[in-house]
Q: 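Please find one structure pasted underneath; my questions will follow.
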Amino acid sequence: MKEETNGIKYFDGVFEVEDRKSGNEFLYETIIGVDDSLSPDNFEMRFLYNRNEGISENSIYKFYTDKQRIGWVFPVQSLESKEHDYVDDEYYLQYAYIAIYKLLQMIEFAEEEYSDFSILDYYSDDIQVLVYDKERADSTIENFDIYNYSVDLFSKGYSFCKEGNVFTKSAEIDKNIRVKQLPEPIRGISYINILFIELIPLQESSYSKFHLIYQIIEILIGVVFKYRMESLIQEIAASPEDLFEKREKLNDVMTEKKRVIWLFSNFSKIESQKKEILNDFCKQLLEKNHKVYEKHGVGSNLYAVRCLIVHNFYSLNKQSRKLLEELNVSFLDVVLDILFTFTVAEK
């Protein structure tokens, strides 16, 4: 978000804005009856982008993190409209005041005229703002960081990135957005959040998109490797006379393909239909490129697709590259399931 550039005062439904660059001042009278009972200094605001259809002035939601209500999500256009369900909601109007205050602070006016001023002249009407009570979040959620919820926000169709999220369908939301952090074993891996904040939402080639999503698989099978290796070391320490018999287990742990298969079958729980769809795309792509595949081995088939993309992408024809685009959408759906069900309590 841009830095604050303007001074703001508010009284009786009117914002007095000082353009600090020019020293000029002007008044902005709100269309809706905002409530200034909360201090903007105690709140944070983030832009959310959703490139899917369906965002309107009535796309207004209460925002919950880890079952704790900490704020609201609403479109900028709702701030200049009386045609939505929350125009008289006392809590929405408190957060609307905070949003307008912060949006006005960030506008770069330059030498433009201030007459007939509208916030929508400076902010696109498809942008949504997340306004949340930072003090409440910090006091009720351990090590709170709003970006720790970026993966679940993405799964619901939202992105912090300006490119927006066009790769997942918007979830059905009944006036509440409830998001959670990743499971404890992988919560501290900040690069997963970075992938969903900065990289995966970008419009990239199917080749690049596959590699970005597969990086998550590589991160998780690294955790699987650590868990399995530590377990094997404990077995060896308990019965050192069986070293020869442990050799096969060690070979399995060292094999990337095996770890991918374990991730799908032993360390996560994926919705069966999503798994079948991904497996079908993998089989189609492998078959079209004369590669061997397993009928039901989604983990094995995904690894085979990975090898095809890494080593033989140049040989894929236009039809195969189009199929890879469809595979990526399914792959992302499956990865989201894996992330939120990942566990080292092996099944």
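Just so you know, residue 1 is the first one in the sequence shown, and it goes up from there.
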Q: The criterion is side-chain contact (heavy atoms from CB on, under 4.5 Å); which residues satisfy it with Lys258, sequence neighbours excluded?
A: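 Once residues adjacent in sequence are excluded, the partners of Lys258 under the side-chain contact (heavy atoms from CB on, under 4.5 Å) criterion are Asp252, Thr255, Trp262.
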Q: Could you tell me whether the side chain of Ser268 and the main chain of Ile338 form a donor-acceptor pair under 3.5 Å?
A: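 Side chain of Ser268 to backbone of Ile338: no pair is present.
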Q: Which one of Tyr147, Phe196, Tyr149 satisfies the ring pair (Phe, Tyr, Trp, His ring centres under 6.0 Å) criterion with Phe160?
A: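 Running ring pair (Phe, Tyr, Trp, His ring centres under 6.0 Å) over Tyr147, Phe196, Tyr149 with Phe160 returns exactly one hit, Tyr147.
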Q: Check whether Arg136 reaches the backbone of Arg69 with its side chain - one donor and one acceptor, N or O, closer than 3.5 Å.
A: yes
Q: Would a distance-only check, ignoring hydrogens and angles, find a side-chain to backbone donor-acceptor pair under 3.5 Å from Tyr101 to Leu104?
A: no
Q: To the nearest 0.5 Å, tell me how far Met106 CE sits from Ile8 CD1.
A: 10.5 Å
Q: With the 4.5 Å side-chain cut-off for hydrophobic clustering, are Ile217 and Phe154 part of the same group?
A: yes
Q: Please assess Asp66 against Phe144 for the test side chain to side chain contact (heavy atoms under 4.5 Å, CB included), listing each intermediate value before the final yes or no.
A: CA-CA 10 Å; Asp66 298 323; Phe144 174 80; over 6 Å; no
Q: Treat each ILVMFWY residue as a node, draw an edge where side-chain heavy atoms are under 4.5 Å apart, and state whether Ile261 and Ile219 are in one component.
A: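 No, Ile261 does not connect to Ile219 through the hydrophobic network.
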Q: Between Leu286 and Val305, is a side chain to side chain contact (heavy atoms under 4.5 Å, CB included) present by the stated rule, with each step listed?
A: CA-CA 7 Å; Leu286 293 169; Val305 168; 3.9 Å; yes
Q: Tell me, yes or no, whether the heavy-atom count around Glu218 atom CD, taken from other residues, nucleotides or ligands under 6.0 Å, exceeds 12.
A: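 Correct, the count exceeds 12.
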Q: Return the minimal non-hydrogen interatomic distance between Val87 and Ser81, and the atom names on each side.
A: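 Scanning both residues completely, I find the closest heavy atoms to be CG2-O, 4.2 Å.
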Q: Rounded to the nearest 0.5 Å, how far apart are NE2 of His84 and OG of Ser59?
A: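 The OG atom of Ser59 is 11.0 Å from NE2 of His84, to the nearest 0.5 Å.
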Q: Step by step, would you call Leu278 with Asn301 a side chain to side chain contact (heavy atoms under 4.5 Å, CB included)?
A: CA-CA 9 Å; Leu278 176 59; Asn301 290 335; over 6 Å; no
Q: Drop me the distance from Asn328's CG to His211's NE2, to the nearest 0.5 angstrom.
A: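 So the CG of Asn328 and the NE2 of His211 are separated by 10.0 Å.
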Q: Can you tell me how far apart CD1 (Ile236) and CE (Met229) are? Round to the nearest 0.5 Å.
A: 8.0 Å
Q: Can you measure from CG (Asp145) to CG (Asp138) and round to the nearest 0.5 angstrom?
A: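 Reported value, rounded in 0.5 Å steps: 9.5 Å.
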Q: For Gln273, which residues count as a side-chain contact (heavy atoms from CB on, under 4.5 Å) partner, sequence neighbours excluded?
A: Glu271, Ile277
Q: Measure the shortest side-chain to side-chain distance between Val224 and Asn266 over non-hydrogen atoms and say whether it is less than 4.5 angstrom.
A: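 Not touching, per the 4.5 Å side-chain cut-off.
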Q: Are Arg259 and Glu256 close enough, and set up right, to give a salt bridge (charged side-chain N to carboxylate O under 4.0 Å, His left out), and what steps lead you there?
A: CA-CA 5 Å; Arg259 298 199 301 273; Glu256 181 176 338; 5.1 Å; no
Q: Is the side chain of Glu25 donor-acceptor paired with the backbone N or O of Glu16 at a distance under 3.5 Å, no angle test?
A: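 No; zero donor-acceptor contacts below 3.5 Å.
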Q: Suppose we screen for side-chain contact (heavy atoms from CB on, under 4.5 Å). Which residues come up paired with Asn143, at least two apart in sequence or across chains?
A: none
Q: Does the side chain of Tyr10 reach to within under 4.5 Å of the side chain of Ile100, using non-hydrogen atoms?
A: no
Q: Determine the minimum heavy-atom distance between Ile32 and Ala96, stating which atoms define it.
A: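 For Ile32 and Ala96, the tightest heavy-atom pair comes out as CD1-CB, 3.9 Å.
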Q: Tell me the salt bridge (charged side-chain N to carboxylate O under 4.0 Å, His left out) pairs involving residues 279-299, sequence neighbours left out?
A: Asp280-Lys283
Q: Quick check for you: to the nearest 0.5 Å, what is the distance between Leu153 atom CG and Arg46 atom CZ?
A: 12.5 Å
Q: Do you see a donor-acceptor pair shorter than 3.5 Å between the side chains of Ser56 and Asn58?
A: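 Asn58 and Ser56 do not have a side-chain donor-acceptor pair below 3.5 Å.
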Q: Of all the heavy-atom pairs spanning Tyr97 and Leu38, show the shortest one and how long it is.
A: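 In terms of heavy atoms, the two residues are closest at CE2-O, 3.5 Å.
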Q: Name the orientation class of the two ring planes belonging to Phe47 and Tyr49 (parallel below 30°, tilted from 30 to 60°, perpendicular beyond 60°).
A: perpendicular
Q: Against Tyr86, only a single residue in Trp72, Tyr95, Tyr91 fulfils ring pair (Phe, Tyr, Trp, His ring centres under 6.0 Å); can you say which?
A: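 For Tyr86, the ring pair (Phe, Tyr, Trp, His ring centres under 6.0 Å) check succeeds only for Trp72.
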Q: Between Val34 and Leu79, does a side chain to side chain contact (heavy atoms under 4.5 Å, CB included) hold up when you go through it step by step?
A: CA-CA 9 Å; Val34 298; Leu79 301 173; over 6 Å; no
Q: With clusters defined by side-chain heavy atoms of hydrophobic residues (ILVMFWY) lying less than 4.5 Å apart, directly or transitively, does Phe225 cluster with Leu302?
A: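 The answer is yes; both residues are in one hydrophobic cluster.
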Q: Under a 3.5 Å distance rule, please check whether Ser330 uses its side chain to pair with a backbone N or O of Leu327 as donor and acceptor.
A: no
Q: With side chains defined as the heavy atoms from C-beta onward, is the minimum distance between Leu130 and Tyr158 less than 4.5 Å?
A: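 Leu130 does not reach Tyr158 side chain to side chain.
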Q: Mark yes when over 12 heavy atoms from residues, nucleotides or ligands other than Glu326 sit less than 6.0 Å from its CD; otherwise mark no.
A: yes
Q: Could you give me the CA-CA distance, side-chain angles and deciding distance for Tyr191 and Gln215, then say whether side chain to side chain donor-acceptor pair (under 3.5 Å) is met?
A: CA-CA 10 Å; Tyr191 187 61; Gln215 280 191 46; 2.9 Å; yes
Q: Indicate yes or no for a side-chain donor-acceptor contact from Ser78 to the backbone of Pro75 under 3.5 Å, with no hydrogens or angles considered.
A: yes
Q: Specify the closest pair of heavy atoms between Ile197 and Ser159, including all atoms of both residues, with the distance to one decimal.
A: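 Closest approach of Ile197 to Ser159, heavy atoms only: O-OG, 4.4 Å.
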Q: Could you list all the ring-ring contact (aromatic ring centres under 6.0 Å, His included) pairs where at least one residue sits in residues 302-327, not counting sequence neighbours?
A: Tyr207-Phe313
Q: Evaluate side chain to side chain donor-acceptor pair (under 3.5 Å) for Asn193 paired with Ser190, printing each intermediate quantity in order.
A: CA-CA 5 Å; Asn193 289 334; Ser190 60; over 6 Å; no
Q: Are the aromatic ring centres of Tyr92 and Phe74 under 6.0 angstrom apart?
A: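 They qualify: ring centres under 6.0 Å apart.
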Q: What pairs with Lys226 under side-chain contact (heavy atoms from CB on, under 4.5 Å), at least two apart in sequence or on another chain?
A: Glu230
Q: Measure from the side-chain N and O atoms of Lys209 to the backbone N and O of Ile200, and report whether any donor-acceptor pair falls under 3.5 Å.
A: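 Yes; at least one donor-acceptor contact below 3.5 Å.
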Q: Mind listing the closest non-hydrogen atom pair of Val334 and Lys274 along with its distance?
A: CG2-O, 3.6 Å
Q: Just by distance, do the side chain of Asn176 and the backbone of Arg178 share a donor-acceptor pair under 3.5 Å?
A: no
Q: Taking the six-membered ring for Trp, are Phe63 and Tyr132 ring centroids under 6.0 Å apart?
A: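 Aromatic pair excluded; centres sit 6.0 Å or further apart.
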Q: Ignoring hydrogens, what is the shortest heavy-atom contact between Ile213 and Leu332? Give both atom names and the distance.
A: CD1-CB, 4.1 Å
